[in-house]
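Let me begin by presenting the structure, written as structure tokens, before commenting on it.
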Amino acid sequence: MVPPGAYLLLSAVLFVLGTVGVLVRRNALIIFMAVELMLNSVNLAFVTFARQLGAVDGQVIVFFVLVVAAVEVVVGLALIVDIFRSRDSVDIDDVDLLRG
Amino acid sequence: MTIQLAPLILLWPLLGWLTNALIGRRLPRAVSGWVAALSVAASFATALAVLSAFSETRAPGTSLSIGFPLYSWIGAGDLDVQVGLLVDALSLVMVLTVSGVGLLIHVYSIGYMAEDPNASRYFAYLNLFMFSMLLLVLAGNLLVLFVGWELVGLCSYLLIGFWFTRPAAASAGRKAFIVNRIGDAAFLLGLFILFTSLNTLDILKIRDGAAGLSDGARALAALLLFAGATGKSAQLPLHVWLPDAMEGPTPVSALIHAATMVTAGVFLIARLDRLFLTAPGVPAVIAMVGALSAFYAATVAVRQHDLKRVLAYSTISQLGYMFVAMGSLAPAAGIFHLVTQAFFKALLFLAAGSVMHAMHDVIDMRRLGGLARPLRWTAGGFVIGVLAIAGIPPFAGFFSKDLILEHAFALGMHTGNYLPYALGLLTAFVTAVYMTRAAMLTFGGRPADQDAHPHESPPLMLWPMGLLAVLAAGGGALGAQAAGEPLLRFLGPLMPPATEIAKSPPALLLAGVSIAVALAGVLVGWTAHRDRRDPALGPVGTFFERGWYINDLYEAVIVAPGKTLARWLAGPIDLGLIDAAVNGVGHVFGGFGEAARRLQTGYARQYALLLLIGTILIVGYWVLR
């Protein structure tokens, strides 16, 4: 049996990967995927703890996260498509209308 | 019953005002003038009908006051203000004078304002003026009276400043408004005192309740209301607005001086005679203020060069007589003089307007002269007005002025204070001098300007003058003993002659003195100003010409410090302190924003990094705590 710590370690590695991805990549789609990676690393942590504590709450929350992630994908992709249409680019650094 | 028609008297000018104010611009000028004139004519006719019904209803020798409650305006706790009208002998006399003289002035205005592109606005104001004054004289409640009082002030402001593109007219309008406001403030304080002590502002209840007031409250209320009256009736020391009011169209001056405005103060005292004339010391104050104003204005009028300013000062002077009458406990005599003054003063002003019309707005008497020939009818009217105001029998002014002097003399016999009488007599002499001077300089001698080609005014302007000339010549019959004193008998039951002045003055002797003084004045005026000579009277003349420097005194004591204060408030205080504070706050936040905007780089990834750092800090805090 794999110890819970290993799952948590994997979860942490995935989360850091996702975070670094968000911070260093400029392509909006890649950033998006990195965000998904972060979400799923958290899901893994939830499941691990749920299993370890013998409580079902963590598992339930995972479903919520999945649903929210799906919704977020819909909205986010729509935004990216729209940005691409207007600018012919999905480089996140080009979108800087809010610069002060 | 016909008396029930009384509210209609108010309705007609209101309708005329609404018509001219709403659609006047689309009407032809003459139509809007006739709408205005007809609405006043309807008022006058209604007033006549009410008068005849009133005379039938009233039992001989008794006073009759009919209240018309219209609706309850303010009802809160103890405060109960009924909007209502009050019809009695006094208000009927006033309504007839105001609407009758007003009607003639309206008709005259149609001719006078025929060329003015803003005639509809003019007639709208004129109708509103009539409405305000009629509301004032018909009011059954002092608060309603106050509304009329203020509306009259407003209309005078609008009409004096009618040609508001001229700075002089605009500032004259403001001056009238502000000076009136000073009196109005006192008036309002008087109302407060009456209300706190009597718990009502109903005129009939005040008349009945005045006797029950303490001496102090009565005197204070009466003096405050009298201060309001001095503002509206242009008595010392609040007279300064009236001579400047000449900037308005001339018929407006006629209206203000004869019918709709300056008489309000006199009316107020007659309306509340039981309050004013029983208050300790107050009648003496009223008589003295009136006598001094009469004398002061007459002397100033002697050295004025603007014909209309002469007439303006003569109005102050004549109003002074009315206040002398009030102070001599003879309100009926004062009202009699009010009526005759309305006739001859309106006549004089309309004649002056006719001169302006003929001479293309020249009104400086130094540039007039010799107008008797080209302006035959105008000159005739003016001379009748002069004879009336100078007190030459049998013209109207003689009877009313003589009656007032008689009462002032009787008061002197009673109290030993002959000063009002002496000043009144002296004023009568000066009045005859300066009015003769005005007539001589304007109509006599040779024209000062040979190139002017004066032309007589149109019939529409001459007819009202003709009617007024008849009234100014024969109006004395209203109070002449030979004619049975119809006006005095009409007012008698409401305002009985004071009983405490039992001694009767030597009437015939006094009348003889009056006539002699008036004739002497005319003679002096005639000889001194023959061939358009105009003796300057040296330093005294300058003193008179500058109005005893009262305007300059106000300028130095009130206006100049006020301007300095305003400049100080506008400069150091407003710009230096308030604006600086406001701008300083703005600069602080602007600088803050300038610094903060550097955070907004527009790079989403940088935001994400900051988010991460923030999260780590917060979580770290909670973990390591």
Side-chain angles (χ1 to χ4, degrees), chain A residues 5 8-9 11-43 45-46 49 65 68-69 72-73 75-100, chain B residues 164-165 167 170 174 561-625:
Chain A
L8 291 180
L9 189 63
S11 165
V13 168
L14 286 175
F15 190 85
V16 171
L17 277 178
T19 311
V20 173
V22 168
L23 291 181
V24 302
R25 298 306 293 266
R26 302 206 301 188
N27 187 319
L29 286 167
I30 305 287
I31 290 175
F32 220 62
M33 285 155 62
V35 169
E36 292 301 315
L37 202 58
M38 290 164 77
L39 284 170
N40 282 307
S41 73
V42 174
N43 280 349
F46 268 126
F49 284 123
V65 174
V68 171
E72 177 236 330
V73 165
V75 175
L77 280 180
L79 285 174
I80 290 170
V81 168
D82 207 47
I83 289 170
F84 181 73
R85 278 199 188 147
S86 62
R87 300 178 169 255
D88 271 341
S89 153
V90 287
D91 189 333
I92 200 85
D93 285 357
D94 289 348
V95 188
D96 59 354
L97 284 179
L98 280 181
R99 187 166 62 200
Chain B
F164 53 79
T165 49
R174 279 199 299 275
K563 278 184 178 162
T564 313
L565 180 68
R567 223 172 280 129
W568 182 70
L569 287 175
I573 296 299
D574 190 46
L575 289 178
L577 201 67
I578 296 174
D579 279 16
V582 172
N583 288 337
V585 170
H587 277 304
V588 167
F589 284 102
F592 186 68
E594 196 63 36
R597 66 183 279 225
R598 292 180 207 289
L599 288 173
Q600 299 286 334
T601 55
Y603 293 115
R605 297 182 303 143
Q606 194 180 358
Y607 297 163
L609 182 63
L610 290 175
L611 206 62
L612 181 69
I613 293 170
T615 315
I616 288 172
L617 285 179
I618 292 171
V619 171
Y621 171 76
W622 286 106
V623 169
L624 296 179
R625 187 164 72 114

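In what follows, chains are A, B, ... by sequence order, proteins preceding strands, each numbered from 1. This structure is a prediction, so every number in the text was calculated from the model and none was measured.
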Query raised in the report: How many angstroms lie between OH in Tyr607(B) and CG in Leu23(A), if you round to the nearest 0.5 Å?
Result: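 Rounded to the nearest 0.5 Å, the OH-CG separation comes out at 14.5 Å.
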Query raised in the report: Roughly how far, to the nearest 0.5 Å, is CD of Gln606(B) from CD1 of Ile92(A)?
Result: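 Going from CD1 on Ile92(A) over to CD on Gln606(B), the span is 13.5 Å.
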Query raised in the report: Looking at Ala608(B) and Val22(A), what are the two nearest heavy atoms and their distance?
Result: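 Residues Ala608(B) and Val22(A), closest heavy atoms: CB-CG1, 4.0 Å.
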Query raised in the report: Side chain, backbone, both or neither: which part of Leu609(B) has an atom under 4.5 Å from a heavy atom of chain A?
Result: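 Contact with chain A involves both backbone and side-chain atoms of Leu609(B).
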**Report entry** Whether Arg605(B) side chain and Val24(A) backbone form a donor-acceptor pair below 3.5 Å
**Finding:**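 Yes, because the side chain of Arg605(B) sits within donor-acceptor range (under 3.5 Å) of the backbone of Val24(A).
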